[in-house]
Amino acid sequence: MIRINCPICGLRSETEFTYGEDASVTRPAMDESAAQPWLDYVFNRDNPRGWHREYWHHAQGCRQWLVLERNTLTHEIGTCRLAREDAA
Amino acid sequence: MTHYSAFSVFRHALRGNKTWGRAWRDPEPKASYDVVIVGGGGHGLATAYYLAKEHGITNVAVIEKGWLGGGNTGRNTTIVRSNYMMPGNTMFYERSMKLWENLSQDLNYNVMISQRGQYNLCHSPGQMDAARRRGNVMRANGIDAELFDRAEVRRRLPYLDYTENARFPIHGAIYQSRAGTARHDAVAWGFARGADRRGVDILQQREVTGYLWEGGRIVGVQTNRGDIRAGKVGLCVAGHSGHLARMAGLRLPIETHSLQAFVTEPYKPLVDTVISFGAAHFYISQSDKGGLVLGGDLDMYNSYAQRGGLPIVEHTLASAKALMPSVSRLKLLRHWAGVMDMSMDGSPFIAKTPVDGLYLNGGWCYGGFKATPASGWCFAHTIARDAPHADNAEFTLNRFERGYQIDEKGMGPKPNAH
Amino acid sequence: MKRLDQGGRIDRSKPLNVSFDGQSLPAFAGDTLSSAMLAGGVSLVGRSFKYHRPRGVFSAGVEEPGAMVHLRSGDRHEPNARATVTEAFDGLVSTSQNAWPNLQFDIGAANTWLSPFFSAGFYYKTFIGPFKHSTKFWMMCETVIRKAAGMGRASLLSDPDRYEKRGAYCDVLVIGGGVAGLTAALAAGRAGAKVLLVEQDTALGGALLSDPVGGAGDAWIASVLAELQAMDSVRILTRTTAFGAYDGDTYALVERVTDHLRVPEDAQPRQRYWQVHAKRAIMATGAIERPLVFGGNDLPGVMLAGAVRTYLNRFAVLMGERAVVTTNNDSAYSVAADLARSGALVTLVDMRAEVAADTRARAEKAGVFILTGHGVLQAKGGKRLTSVDVVPVDRGSRTSGAVRVIPADVLAISGGWAPAVHLWSQRFGKPVYDAASGSFIAPEDPDKPLQPAGICAAAASLEDVITQAMRRGAEAARATGATGAPGDSPAAFDTGAFWQNDLSPNWAVFDAEGRCKGKAFVDFQHDVKVSDIDQAHLEGYVSVEHLKRYTTLGMATDQGKLANINALSRMAELRGMAIPEVGTTTFRPPFTPITMGALVGHEHGRHFRPTRLSPLHHWHAENGAQMTEAGAWMRPWYYPEKDEDLRAAYIREATHVRTHVGIIDVSTLGKIAVQGPDAAEFLNRVYVNGWKTLAIGRLRYGVMLREDGFVMDDGATARLGEHDYVMTTTTANAAKVLAFAEHLLQTAWKDLRVHVTSVTDQWAAFAIAGPKSRALLQTVSGADLSRDALPNNHWTLAQISGVPVRIHRMSYSGELAYEVYVPSGHAAHVWEALLSAGDDFELRPYGTEAMGALRIEKGHVAGPELDGRTTLKDLGLEGFASSKKPFVGSVLRKRPVLEDPERPTLVGLEIDGDTGAKAGSLLFAANEEPKGHGDGWVSSTTYSPALGRNIALALLKNGKARTGEEIRVVNFVGGEDLKARVVSPQFFDPEGDRQNG
């Protein structure tokens, strides 16, 4: 049971959230017309063993998308911030 | 090397079972091999076996960081089936099924292929239509499939929930009678013994830490116990494909997720087939030992941890009771997880990579075990001939670039949705 | 075996009616089923897994490998119940399992004579069969094997009992209510932390419950417990097993609320599953005794030494008049002494050459005869122990002298103790070997939120247990912010037994060749012998995991609690390694087998998954609708009149729509409010078509793609105001579309000033379709809905029966049609107002099947066509795609395979004959042999009332160019082979005169 400290709602259980996707890939700008940046964004992954930046959606809570740091080997939880406020 | 038979068992028993030889050697590595396969699971060992058997390439090493068969080969729910609908998948899995049907004989090792059949239950008219399409594709490709209505399913599987109380009423099922289960560990051991007999070196407790390069080409591997040169390097490390590919500078359309499995205490025969629930990712069978084997869903988040989360434990057991209410008083004995290569369309890769000398077998999602023989067979072909066989021709890395997504579920590029 | 007249923690004033295989047992309150069996002289309880060897009670706890029974009967029947942890209750009925024809004479026992042939890996080498490409031979053998395997028989009846789930939060969770757990809870509680103390046993005290009644331990428990019970911040749960340690510092417990009763009483659940979030946890789980290995060590009458003492002191059952106790450590001395004090003739056979003088003196004072430097070579007997062969042994556990035969009716064995580090290992990986205690323990790591205390951390004395537990309790409390003082440690006291002082590594007795005499078992349930480990080693199955899987060692219902260390010891000897080099396996949850129903709680049957109901659900139900599920929603499928079946009903309903007017509840459509200055830009990006020009008062059909360019969803969006739109999605995709929109706005398009909100539940919606729809709606609303006032794809506000509503003019059926949006709370009122006003217009409800027929006649795509693998072009929707702007999926939809002109595209089919085609049938050219993947497939089918024939939508290779072609429609699994003509998918009113009229 992963527990996530939602910046809006506080520490909540995994069951309130849905996992989104890798947050380390950046969606190309809308006017990007070349295929490769889109292929990289949609399909290709670093898939690290260790710390991973990822999107979670507080679907049963505040409906905010969060950027969570989580270790894929140990399931340790790092920082969690609103995707809106995430600089990266 | 002893040929296994009831007679050999009898003969050794008379000698107090003190005269058995090793099932496979524990050799010192050579400096160089024609082919090095990274990963001593079912797929890697099968690849080595078929390289030797089908292509006469015996100067082969299989390198395993732990003990052979210790990854997903030894953690899965042992289901074997060939009910795939998409071109690119259908005939590959049927090749696998045909190899399974002769595998014990071929390996002289009883891998306990039990064709006890598999039901995919349908819970709505729409699911029946989708099942019909799948069944028709199977039949049109010479694969057995039958579509049963509710009454027939009830006659065959009377212990499921047919009451008004069922949240997802059973409308029918698609059935493959040749599907079933196999003994997972035996598959790894049988292929290991078969490959070893043909001269393949199986090197356990040796972890690949990098590659040897010459002019942009991979010419071997670095391991924690020394370098080994190779004409070609094949990766069979599903769960860790991304990790080993990244060492070669590749990013793959793969994420690693953990998938849970469950076994109950052993009971007298109860479920004599394999049943997949159509309303949740859940399936159930019963092992020869008597434990009910339950398969659940992914934990949904990327993980290499080989242990599962509590929500999916609850969800899986709830699925079991929803499908078969009488399991309620039975007891869960053990649950565990394996780490899966989840690809972006739910289908695997058996292909040359863009890096010279490096070949990839991975992306198996949930489906790796059933694919084991064909995966080894096709990967051996691809490595030996430097070109794919027709049955794995679509399992390329560039299929996403081409737009050829082999998406059995139609879920799109979300690895945890397949 | 006999029950003593005095002593024990049983209540002799409360006799209970308990039976096993029809034999009445002399049970009292406080007994377990196993203690009642032993008191009643039952020595044979079960049969082992493989050889069907006789099995008696071996332990007094959760590790029991042999005494497993069928408990209760009928729909409360439970197989594999461990007699050792089954509390006796009045009316307990148990029967033996895994024996045929009966427990005393079990045919399967013949296997034991064949055991040399059933050696390790036997199955892998045999049953391969003579037939190539056939699995029949193995499957024939397997049928027999499966019947012999398994343990208990499961019932197929539904469980009548109730289970509960409960969440809980605490500062410190203390797992285990022995000395360590009680002390740790005391320290944490005194410091002010909120403490939850759980104990799997019925009472607190742990190992102290096995001491004679009235000793110093009892006083100690009473005083500590009194203090704990007086603290408001401490909660104690007995009969509660912490079976798993999971991520997020979440611990899973099962409380057996009423398993000690015949049936649950007072509306209590049978079991309660607790999900505990604990800031810190202390694992005070003690240790499990290890057996010694020698020939016949599985005979009924051979028991763990600690269990013999538990039966004696807790349950007042003396296991025998003539007892042999054999050990490699000090802990069994108190067992021997207690037996001797109870009147047994006791021989203590100690494998160690030397023993501490005071230990020896204490036992001898009680009357125990001690043989040091001796071991048990073999236990003998038929269905129970009769004598023990004892021999001198050297330091390497080999026999070094003559056998002496000691008649015995109980043989108590102790091979040391294994700390119960399961929970720690589940969460954090493999335990480490501690040479000092000769056991696997959790490595020291003060940062971990789960800390071991007491014997499970290999504490060396009772003083150490208390000191360490105080410290752990205080540290845990402090880590959670508690600031109080933990106070002084409760005083230690004199206890006869302590776990394993002075352990020697001897674990088995070997003859001169290094072999055990007879059948020497390591895994008692799975019948794995030392010789099986030897054979696995010979064959190269030397890693712990290979050994386990090849021999099935440690995979029985005790999950290796008894077998693991002895197996590792053997493999270490064979490989010439130290035990830690051989390694160990990771413990997996659950710690003990857990009833599946407990973890399911209430989420079964109808409540397995939530069901969503439209605000009109009750109306549909009262008016006889047959319901069908869509997404999680229940929707009216059809409204049968009299004895109509589905087909008759939908044909009537669809015909009625085309000739009069019908109404369907479409409240389940996803509705999303899209609001903000950049709403149009947002829509422009998510939909393939353009939105910048949509005027207020209008609405438009839109299609959206996934990021990879395949079609995701479609629906209409209306512009309500300058910055205010409402989007509809398909019922199935509503949640997905909203989450996707939120994702885009919160991650990639942060600059867009747009807010999206689900309003699905706030608005009910009805589609009213048919030639009389305008007249009807004008009548009830009084609004001007004429063609000029409200053309197609426009909306207007109106009132129906006093309720403000929004009327969209749009059509899915191809008829003149409207959608009426009503605040959910007024949905039933407006619906009924429409229906009653509609009497003049013959307004009738229709269901989703008729809706499907109407949309197929119009060639509209729905779920079967939007299967996640189709493109705009495939579905004939390419015309909607704007070439003037980028949109989600606009680049990747142009990938070469997706642009292939040969791809299957949407066509209509006119099916020959009366039967109609089945969706999922494959299409082949008329002259083509029907094999492979075909030229396409049938997606949706219906009988078309308007056309008077069977039609279908299909995806056909190069479809558009094949209009007019006759093709084969083959349904292999249904045995149907039909002919059909390829036509346009717009079967009905292709010009759209009716919907635009």
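What you are looking at is a predicted structure, and each value in this text was computed from that prediction instead of being measured. Lettering follows sequence order; numbering is per chain, from 1. Hydrogens, waters and symmetry mates play no part in the numbers below; they use all other heavy atoms, side chains included.
Between Tyr267(B) and Asn80(C), the closest side-chain pair of non-hydrogen atoms falls below 4.5 Å. In this structure, Phe608(C) and Phe168(B) have side chains that are in contact, with non-hydrogen atoms separated by less than 4.5 Å. Residues Lys331(B) and Thr557(C) form no side-chain contact, since every pair of their non-hydrogen atoms from C-beta on lies 4.5 Å or further apart. For the pair Glu629(C) and Ser124(B), the minimum side-chain heavy-atom distance is 4.5 Å or more. You'll find the side chain of Pro116(C) stays beyond 4.5 Å of the side chain of Phe10(B), heavy atoms only. Side-chain contact between Lys268(B) and Asn98(C) is present, with at least one heavy-atom pair separated by less than 4.5 Å.
In this structure, chain B has a heavy atom under 4.5 Å from the side chain of Phe924(C), while its backbone stays farther away. For Leu157(C), the part lying near chain B is the backbone, with the side chain staying farther off; criterion is any non-hydrogen pair under 4.5 Å. Contacts between Arg903(C) and chain B at a heavy-atom distance below 4.5 Å are absent for every atom of the residue. Contact annotation for Tyr541(C): only side-chain heavy atoms (C-beta onward) come within less than 4.5 Å of a heavy atom of chain B. When heavy atoms are compared at a cutoff of 4.5 Å, Met139(C) approaches chain B solely by way of its side chain, counted from C-beta outward. For Phe262(B), no part lies near chain C; criterion is any non-hydrogen pair under 4.5 Å. At a 4.5 Å heavy-atom cutoff, the contact between Ser155(C) and chain B is made by backbone atoms alone. Neither the backbone nor the side chain of Lys136(C) comes within contact range of chain B, judged by heavy atoms closer than 4.5 Å. Looking at Pro590(C), the atoms closer than 4.5 Å to chain B (heavy atoms on both sides) sit in the backbone and in the side chain alike. Residue contact with chain B, scored on non-hydrogen atoms closer than 4.5 Å, involves the backbone of Asp75(C) exclusively. Both the backbone and the side chain of Phe127(C) come within contact range of chain B, judged by heavy atoms closer than 4.5 Å. Only the side chain of Arg706(C) has a heavy atom closer than 4.5 Å to any heavy atom of chain B. Using a 4.5 Å cut-off between heavy atoms, Thr316(B) does not touch chain C at all. The part of Ser287(B) that comes within reach of chain C is its backbone (N, CA, C, O), which places non-hydrogen atoms under 4.5 angstrom from that chain. For Ala630(C), no part lies under 4.5 angstrom from a heavy atom of chain B. Within the 4.5 angstrom heavy-atom criterion, atoms from both the backbone and the side chain of Met86(B) approach chain C. Heavy atoms closer than 4.5 Å to chain B are found nowhere in Met712(C), neither backbone nor side chain. Using a 4.5 Å cut-off between heavy atoms, Ala556(C) contacts chain B through its backbone alone, with no side-chain atom that close.
Judged by distance alone, the side chain of Arg549(C) and the main-chain N or O of Gly74(B) form a donor-acceptor pair under 3.5 Å. In this structure, the side chain of Gln105(B) engages the main chain of Ser134(C) through a donor-acceptor pair within 3.5 Å. Between the side chain of Lys18(B) and the backbone N or O of Gln535(C), no donor-acceptor pair lies under 3.5 Å. For the pair Arg183(B) (side chain) and Tyr123(C) (backbone), a donor-acceptor distance under 3.5 Å is absent. With Asn110(B) contributing its side chain and Lys125(C) its backbone, the two residues share no donor-acceptor pair below 3.5 Å. Without hydrogens or angle criteria, Arg329(B) side chain to Asp159(C) main chain gives no donor-acceptor distance under 3.5 Å. At least one donor-acceptor pair under 3.5 Å links the side chain of Arg167(B) to the backbone N or O of Arg609(C). Judged by distance alone, with hydrogens and angles left aside, the side-chain atoms of Arg307(B) form no donor-acceptor pair with the main-chain N or O of Tyr246(C) at under 3.5 Å. Looking only at distances, no side-chain donor or acceptor of Asn17(B) sits under 3.5 Å from a matching main-chain atom of Asp532(C). Panel note: side chain His546(C), backbone Gly69(B); no donor-acceptor pair is recorded below 3.5 Å.
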Determine all donor-acceptor pairs shorter than 3.5 Å in which one atom belongs to a side chain in residues 125-136 of chain B; sequence neighbours excluded.
from	atom 1	to	atom 2	distance (Å)
Gln127(B)	OE1	His123(B)	N	2.6
Gln127(B)	NE2	Gly278(B)	O	2.9
Asp129(B)	OD1	Arg132(B)	NH1	3.0
Arg132(B)	NH1	Ala919(C)	O	2.7
Arg133(B)	NH1	Asp867(C)	OD2	3.3
Arg134(B)	NH1	Asn83(B)	O	2.8
Arg134(B)	NH1	Glu408(B)	OE1	2.9
Arg134(B)	NH2	Glu408(B)	OE1	3.4
Asn136(B)	OD1	Phe972(C)	N	2.6
Asn136(B)	OD1	Val973(C)	N	3.0
Asn136(B)	ND2	Arg132(B)	O	3.2
Asn136(B)	ND2	Gly920(C)	O	2.8
Asn136(B)	ND2	Asn971(C)	OD1	3.1

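Here the straight-line distance linking atom CZ of Arg402(B) with atom CZ of Arg895(C) works out to 10.5 Å at 0.5 Å rounding. Here the straight-line distance linking atom OG of Ser104(B) with atom CD1 of Ile128(C) works out to 6.5 Å at 0.5 Å rounding. Atom CD1 of Ile594(C) and atom CD of Glu265(B) lie 10.0 Å apart (nearest 0.5 Å).
With chain C as partner, the option from Gly290(B), Ala145(B), Gly410(B) having the largest number of non-hydrogen pairs under 4.5 angstrom is Gly410(B). For chain B, the option among Ile145(C), Val970(C), Asp534(C), Thr611(C) with the highest count of heavy-atom pairs below 4.5 Å is Thr611(C). When the candidates Lys165(C), His537(C), Glu899(C) are compared by the number of heavy-atom contacts under 4.5 Å with chain B, Lys165(C) comes out ahead. Ranked by heavy-atom pairs shorter than 4.5 Å toward chain C, the options Leu147(B), Asp185(B), Val9(B) are led by Asp185(B).
Under 3.5 Å, the side chains of His604(C) and Ser328(B) contain no donor-acceptor pair of N or O atoms.
Of all the heavy atoms in Phe117(C) and Ala13(B), the pair that sits closest is CD2-CB, 3.2 Å. Pairing each heavy atom of Arg515(C) with each of Gly16(B), the nearest pair is NH1-O, 4.3 Å. Contact between Glu142(C) and Ser114(B) at its shortest, heavy atoms only, is OE1-OG, 2.5 Å. Across Lys321(B) and Val600(C), no two heavy atoms sit closer than the pair CD-CG1, 4.0 Å. Nearest approach of Leu330(B) to Ala154(C), heavy atoms of both residues: CD2-CB, 3.7 Å.
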Handout entry: Derivation and outcome, side chain to side chain contact (heavy atoms under 4.5 Å, CB included), residues Lys289(B) and His526(C)
Key = CA-CA 10 Å; Lys289(B) 246 175 65 186; His526(C) 273 174; 3.3 Å; yes
Practice task
Starting from the C-alpha separation in whole Å, work towards a yes-or-no answer on side chain to side chain contact (heavy atoms under 4.5 Å, CB included) for Arg146(C) and Asp272(B).
Solution key: CA-CA 10 Å; Arg146(C) 284 171 80 89; Asp272(B) 197 29; 3.6 Å; yes
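Pairs passing the salt bridge (charged side-chain N to carboxylate O under 4.0 Å, His left out) check and including a residue from residues 135-148 of chain B, sequence neighbours excluded, read Asp144(B)-Arg178(B).
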